[in-house]
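Atom set for the values below is all heavy atoms of this structure, side chains included, hydrogens, waters and symmetry mates excluded.
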Amino acid sequence: MTANRIQQVALTHFAEHGYAETSLAMIAEEVGIKKPSIYAHFKSKDDLFLRVVQNVFQSELNYITKLAEEKRELPLQQMLPLMLSTYQERYDTHPDMKFMLRTSFFPPSGMEQEVMERLYTYLDTLEKYVDSRITAAVQTGEIGDVDAEQAARAFLCLLDGFFVELLYGGPERASRRLEAAWLMFWRGLSK
């Protein structure tokens, strides 16, 4: 139980302050334990951070794939914007998404490889899903004859830009940019 609580508190601190600005003492104080007690569960701050990375990236992947499965009957024109709005909602309300984005763009020194491996697994899974949805939309005539693989990659570029705006520009700027980018993206698919 304590290990889970330590990870939850660490997630919140890492999401809000980043790796460098989060200390084990801060985490221990909020959990209500002494700092040395953390070492009964984690070898180091790095070990704790990487465990949080592993859990959050898997949890976020599970969330988005579950959403995609539950909404698989939606037309592509509704499904893809739903995914995008879900990312914004989760960024605004869940430390997991905020942590995932912050860590993806600013991985701590010496842990870049581990973070990027998790990120690429996440993005590759998402890209395969989007590719399959676009392929199905082409086959049913919902959209024109496009290269589904290229369109999926373009969607992920749109998503990357949206993530950057969430981190740097905030929700309002991100929404405005997303609205314009989505319009152009959809026009390209539907012609």
Side-chain angles (χ1 to χ4, degrees), residues 6-27 30 42-68 79-131 149-185:
I6 291 168
Q7 287 185 71
Q8 290 171 345
V9 169
L11 165 63
T12 302
H13 283 277
F14 290 141
E16 289 299 318
H17 310 292
Y19 177 84
E21 298 299 317
T22 298
S23 71
L24 291 180
M26 291 165 61
I27 295 166
E30 188 170 329
F42 304 95
K43 291 182 247 177
S44 63
K45 181 179 171 184
D46 289 1
D47 181 43
L48 171 58
F49 179 82
L50 290 173
R51 197 89 60 90
V52 171
V53 165
Q54 177 181 348
N55 292 340
V56 166
F57 278 65
Q58 188 60 55
S59 172
E60 286 302 311
L61 184 59
N62 292 346
Y63 183 86
I64 202 69
T65 54
K66 181 180 178 198
L67 173 74
M79 181 60 206
L80 294 181
L82 174 63
M83 290 174 76
L84 294 167
S85 64
T86 297
Y87 280 119
Q88 180 159 4
E89 177 190 320
R90 289 186 68 73
Y91 181 81
D92 292 341
T93 60
H94 290 80
D96 294 37
M97 179 55 68
K98 191 171 279 189
F99 171 81
M100 188 174 111
L101 292 186
R102 182 181 203 135
T103 301
S104 297
F105 284 95
F106 311 108
S109 181
M111 290 183 265
E112 297 92 351
Q113 183 176 348
E114 293 93 338
V115 170
M116 290 300 108
E117 285 174 9
R118 296 285 176 197
L119 176 63
Y120 292 147
T121 297
Y122 182 91
L123 293 175
D124 291 347
T125 302
L126 184 59
E127 185 177 320
K128 286 178 190 169
Y129 170 75
V130 172
D131 183 331
E149 189 175 346
Q150 280 189 326
R153 288 180 187 152
F155 179 79
L156 262 68
C157 281
L158 185 153
L159 184 61
D160 285 344
F162 179 56
F163 286 163
V164 168
E165 276 302 322
L166 280 174
L167 284 169
Y168 288 109
E172 288 179 30
R173 284 180 58 89
S175 291
R176 286 194 313 268
R177 295 271 173 101
L178 179 60
E179 187 178 321
W182 172 255
L183 178 64
M184 295 296 112
F185 177 79

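Between the CG atom in L50 and the CE atom in M111 there is a gap of 5.5 Å [rounded to 0.5 Å]. Between the CG atom of L158 and the CG atom of L84 there is a distance of 6.0 Å, given to the nearest 0.5 Å. Taken from CG in L183 to CG in L178, the straight-line distance is 11.0 Å, to the nearest 0.5 Å. We find the CG-CZ distance between L166 and R173 to be 11.5 Å, quoted to the nearest 0.5 Å. The distance from atom CZ of F162 to atom CH2 of W182, rounded to the nearest 0.5 Å, is 12.5 Å. Atom CZ in R153 sits 13.5 Å away from atom CG in D160 (nearest 0.5 Å).
With N62 as reference, Q58 is the one residue of E60, Q58, K66 to meet the side-chain hydrogen bond (donor to acceptor under 3.5 Å, both in side chains) rule.
Using a cut-off of 4.0 Å between Lys/Arg side-chain N and Asp/Glu carboxylate O, D47 and R51 are scored as salt-bridged. Using a cutoff of 4.0 Å between basic side-chain nitrogens and carboxylate oxygens, E114 and R118 are not scored as salt-bridged.
Between L119 and T103, the closest side-chain pair of non-hydrogen atoms is not below 4.5 Å. Inter-residue side-chain proximity for I27 and L48 is flagged as met; some heavy-atom pair is nearer than 4.5 Å. Side-chain contact between F99 and T12: absent, with no pair of heavy atoms (C-beta onward) separated by less than 4.5 Å. No side-chain heavy atom of L61 sits under 4.5 Å from any side-chain heavy atom of L126. S175 places none of its side-chain heavy atoms less than 4.5 Å from the side chain of E179. Contact check for Q88 versus P171: side-chain heavy atoms found under the 4.5 Å cut-off. Counting heavy atoms from C-beta outward, M97 and Y63 have side chains that stay 4.5 Å or more apart. Between I64 and Y122, the closest side-chain pair of non-hydrogen atoms falls below 4.5 Å.
Applying the 6.0 Å contact sphere to CD of E112 captures more than 12 heavy atoms from other residues, nucleotides or ligands. Atom CD of E117 has more than 12 neighbouring heavy atoms from other residues, nucleotides or ligands inside a 6.0 Å radius.
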Requested in this report: Go through the steps to decide whether E16 and E21 satisfy the test side-chain contact (heavy atoms from CB on, under 4.5 Å), and finish with yes or no.
Outcome: CA-CA 9 Å; E16 289 299 318; E21 298 299 317; over 6 Å; no
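The aromatic ring centres of F57 and Y120 sit 6.0 Å or more apart.
In this structure, Q7 and F42 approach most closely via the heavy-atom pair CG-CZ, 3.5 Å. The two atoms that bring T22 and G18 nearest to each other are OG1-O, 2.7 Å, heavy atoms only. Looking at every heavy atom in both residues, L167 comes nearest to F105 through CD1-CD1, 3.1 Å. When all heavy atoms of Y87 and L159 are compared, the pair lying nearest together is CD1-CD1, 3.6 Å. Residues P107 and M116 come closest through the heavy atom pair CG-CE, 4.2 Å. V52 and A10 get closest at one heavy-atom pair: CG2-CB, 4.3 Å.
Within the cation-pi definition used here (under 6.0 Å to the ring centroid, within 45° of the axis), K45 qualifies as a partner of Y19.
With hydrogens and angles disregarded, no donor-acceptor distance shorter than 3.5 Å links the side chain of E165 to the backbone of F163.
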